[in-house]
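Comments concern the structure below.
Note that the structure is a prediction, hence the values are computed from the model and not measured.
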Amino acid sequence: VMKQQQPVNATVTQSVKYYTPEDPQDRKSNNHFGLGMYYLPENIDNGDGNSVFHNVNLTASYNKEKVRYNTSLGIAYNEEQLVFEMNYDINTPVMGTGADGQLDTLGYRVDKMESQYEGTEKHQYFTYNLGLGRKLFSAGKFSTWISAGAGFGIRLNDPDIIATTEKSIKGQYNAQITSVQASKPEYNDVYVNFATGIDLNYRLLKRLSFTFTPTSLWYFKPVLTK
């Protein structure tokens with residue numbers, strides 16, 4: 001029996017696999033900027049009922065894989081319904097012929113009036129907010145974030161329907177205001193708050209998403225003095 005021997009100079013060849021190191025510049029970054037609008041209805045107890053503020057803001061955000069930074073500018077406004085009572089005297093001149101035969105004012109008739117008025121005050125604030133968010137989880141087009149931030153508002157106007165009504169009555173009837181009974185909320189010139197919320201985000205299109213965010217606000221300096 002003869003055994004076949006492999007020649008001494010024989011070589012065994014195998015398939016060779018080539019690996020190319022990944023270029024860091026070829027990686028696609030998930031970091032991006034975003035612009036958006038948000039609307040937040042805010043219910044505030046004004047001491048005599050509820051006052052609804054409407055917050056409309058333009059937002060800008062810088063989004064990373066797990067963290068998001070955002071800032072916003074906007075307007076907060078409401079319509080305050082007020083009911084108040086105002087008492088005043090109307091002085092009506094009594095005319096007659098004087099001793100010299102000329103028409104003259106002999107005296108005044110005083111009519112005491114008690115009236116109730118109802119009107120609307122519109123309050124406006126300029127608002128600025130700054131905050132950040134942390135992604136909790138994501139699945140497909142849906143993602144959830146926890147967010148926190150702080151903001152402030154600066155009053156843009158100072159409506160006073162009671163003072164306006166007093167001026168109108170004095171000018172129209174030449175009246176003298178005797179008393180005013182009203183429960184009117186007093187608004188601060190500046191307010192400061194802290195906000196937390198849960199963002200429920202759904203990506204509608206590649207560059208368009210919708211977010212629903214239940215939010216809680218704590219005020220370091222409130223909107224109302226009481």
If I compare all heavy atoms of [X] with all of [Y], which pair ends up nearest, and what's the gap?
X     : Y     : answer
Asp45 : Asn50 : CA-OD1, 4.1 Å
Glu80 : Ser51 : OE1-OG, 3.4 Å
Ser61 : Asn70 : CB-CB, 3.9 Å

* To do: Scan side-chain atoms only and decide if Asn87 and Ser179 contain a donor-acceptor pair under the 3.5 Å cut-off.
  =>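 Yes, side-chain donor-acceptor contact under 3.5 Å.
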
Please report the interatomic distance [atom1]([X]) to [atom2]([Y]), rounded to the nearest 0.5 Å.
X      : Y      : atom1 : atom2 : answer
Glu65  : Asn31  : CD    : CG    : 8.5 Å
Lys184 : Glu186 : NZ    : CD    : 6.0 Å
Glu114 : Glu85  : CD    : CD    : 8.0 Å
Thr71  : Tyr128 : OG1   : OH    : 3.0 Å
Lys122 : Glu79  : NZ    : CD    : 4.5 Å
Asp158 : Glu121 : CG    : CD    : 8.5 Å

Sidechain-backbone polar pair: [X] side chain, [Y] backbone, donor-acceptor under 3.5 Å:
X      : Y      : value
Thr165 : Ile161 : yes
Asp160 : Ile162 : yes
Asn188 : Pro222 : yes

Point to revise | Close side-chain approach of Pro159 to Thr120, heavy-atom, < 4.5 Å | key: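 No. Closest side-chain heavy atoms not under 4.5 Å.
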
Check your understanding: Does a side-chain heavy-atom distance below 4.5 Å link Glu166 with Val180?
Key ->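 Sidechains of Val180 and Glu166: in contact.
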
Partners passing side chain to side chain donor-acceptor pair (under 3.5 Å) against Asn57 (at least two apart in sequence or in another chain):
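Expected list: Tyr38, Thr127.
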
Problem - Thr215: partners by side chain to side chain donor-acceptor pair (under 3.5 Å), with sequence neighbours left out - result: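 Partners of Thr215 by the side chain to side chain donor-acceptor pair (under 3.5 Å) criterion come out as none, since no residue qualifies.
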
Assigning hydrophobic clusters by single linkage (Ile, Leu, Val, Met, Phe, Trp, Tyr; side-chain heavy-atom cutoff under 4.5 Å), is [X] placed with [Y]?
X      : Y      : answer
Val192 : Leu130 : yes
Leu82  : Met86  : yes
Tyr62  : Leu35  : no
Leu217 : Ile198 : no
Phe142 : Leu136 : yes

Can you run down the ring-ring contact (aromatic ring centres under 6.0 Å, His included) pairs that involve residues 206-226, sequence neighbours left out, and say none if there aren't any?
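ring-ring contact (aromatic ring centres under 6.0 Å, His included) check on residues 206-226 returns Tyr191-Tyr219.
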
Open item on the list: Tell me which pairs pass ring-ring contact (aromatic ring centres under 6.0 Å, His included) where either residue lies in residues 66-92, with sequence neighbours left out.
Closed with: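 Pairs touching residues 66-92 that pass the test: His54-Tyr77, Phe84-Tyr117.
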
| query | Around Gln176, counting heavy atoms of other residues, nucleotides and ligands shown, do more than 12 lie under 6.0 Å from its CD? | reply |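 Result for CD/Gln176: open.
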
| field | With sequence neighbours excluded, residues passing side chain to side chain contact (heavy atoms under 4.5 Å, CB included) with Lys141 | value |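 Testing Lys141 for side chain to side chain contact (heavy atoms under 4.5 Å, CB included), a comparison that skips the adjacent residues, returns Tyr202, Arg203.
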
- Task: Take Met37 and Leu58 through the side-chain contact (heavy atoms from CB on, under 4.5 Å) test and state the conclusion after the steps.
- Result: CA-CA 5 Å; Met37 294 287 296; Leu58 174 65; 3.8 Å; yes

Pair up each side-chain donor or acceptor in residues 144-156 with any protein partner under 3.5 Å, not counting sequence neighbours, and list the distances.
| unit_1 | atom_1 | unit_2 | atom_2 | d |
| --- | --- | --- | --- | --- |
| Trp145 | NE1 | Ser143 | OG | 3.3 |
| Ser147 | OG | Gly197 | O | 3.4 |
| Ser147 | OG | Asp199 | OD1 | 3.4 |
| Arg155 | NE | Asn157 | O | 3.4 |
| Arg155 | NE | Asp189 | OD1 | 3.3 |
| Arg155 | NH1 | Tyr187 | O | 3.1 |
| Arg155 | NH2 | Asp189 | OD1 | 2.5 |

